[in-house]
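Heads up, the thing below is written out as structure tokens.
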Amino acid sequence: MGRHKGRQPRPLSERFWKKVEKRSPDECWPWIGSIDTRGYGNIGADGDKPLRRAHRVAYELCVAPIPEVLVVCHVCDNRACVNPQHLFVATQRENVLDMVRKGRRQWPSGELHRWAKLSTADVVAIRDDTRAPRLIRAQYGIGQTTLYQIKRRETWRCLP
């Protein structure tokens, strides 16, 4: 009576540290358990709860609970790292700004931008075109503002 059959569930902290390759305090500690398609480590939570991100579990085990409105960010930009010294909490906005500041955000530009209607060759030709603006606009089917932004290099700045 009262005995569980089968394997007893192990505590989250015990399971967690078995999936961490601990290195020196300054190095990244890679998660060697399950990694999702975006590169984040995952671990099953206690009970029937869904999977949790490994870096969030590391932060909660070693630092403090994570306030609901905050995210856990990596100083090292290594999504599989669970070294608590490489983690900090911030708002989602601060996390995105950090990503942009570090140059990790790839903004599609030029022909790769989803709203692009002109090709690179069109823009180069427009910049070199000395005809009257109305003739250029008519040829390429663009508005006055677009033409002036191209000429003044306010758009298509990816081109020389």
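- One hydrophobic cluster holds both Val82 and Leu12 under the rule that ILVMFWY side chains link at heavy-atom gaps under 4.5 Å.
- Around atom CZ of Arg157, no more than 12 heavy atoms belonging to other residues, nucleotides or ligands sit under 6.0 Å away.
- Remark: Arg131 CZ is packed, more than 12 non-hydrogen atoms of other residues, nucleotides or ligands lying under 6.0 Å away.
- Under the 4.5 Å side-chain criterion, counting only non-hydrogen atoms from C-beta, Val20 is in contact with Trp31.
- In summary, Arg53 and Asp36 engage in a salt bridge, as defined by a charged side-chain N under 4.0 Å from a carboxylate O.
- Hydrophobic clustering, with ILVMFWY side chains joined whenever heavy atoms are under 4.5 angstrom apart, groups Tyr140 together with Leu147.
- Both Ile126 and Val124 are part of a single hydrophobic cluster, where members link through side-chain heavy atoms under 4.5 Å apart.
- A 4.5 Å side-chain heavy-atom check between Trp17 and Lys22 finds at least one atom pair inside the cut-off.
- More than 12 heavy atoms of other residues, nucleotides or ligands shown are found within 6.0 angstrom of NZ on Lys151.
- More than 12 heavy-atom neighbours from other residues, nucleotides or ligands sit within 6.0 angstrom of NZ on Lys102.
- Annotation: side chain of Arg23 is in contact with side chain of Pro30 (closest heavy-atom distance under 4.5 Å).
- For the pair Ile66/Val72, a side-chain contact is recorded, criterion being any heavy-atom separation below 4.5 Å from C-beta on.
- No side-chain N or O of Ser119 forms a donor-acceptor pair with one of Glu111 less than 3.5 Å apart.
- Looking at Trp156 and Thr120, their side chains come closer than 4.5 Å, going by heavy atoms from C-beta outward.
- Residues Val71 and Arg56 share a closest heavy-atom pair of CA-NH1, 3.9 Å.
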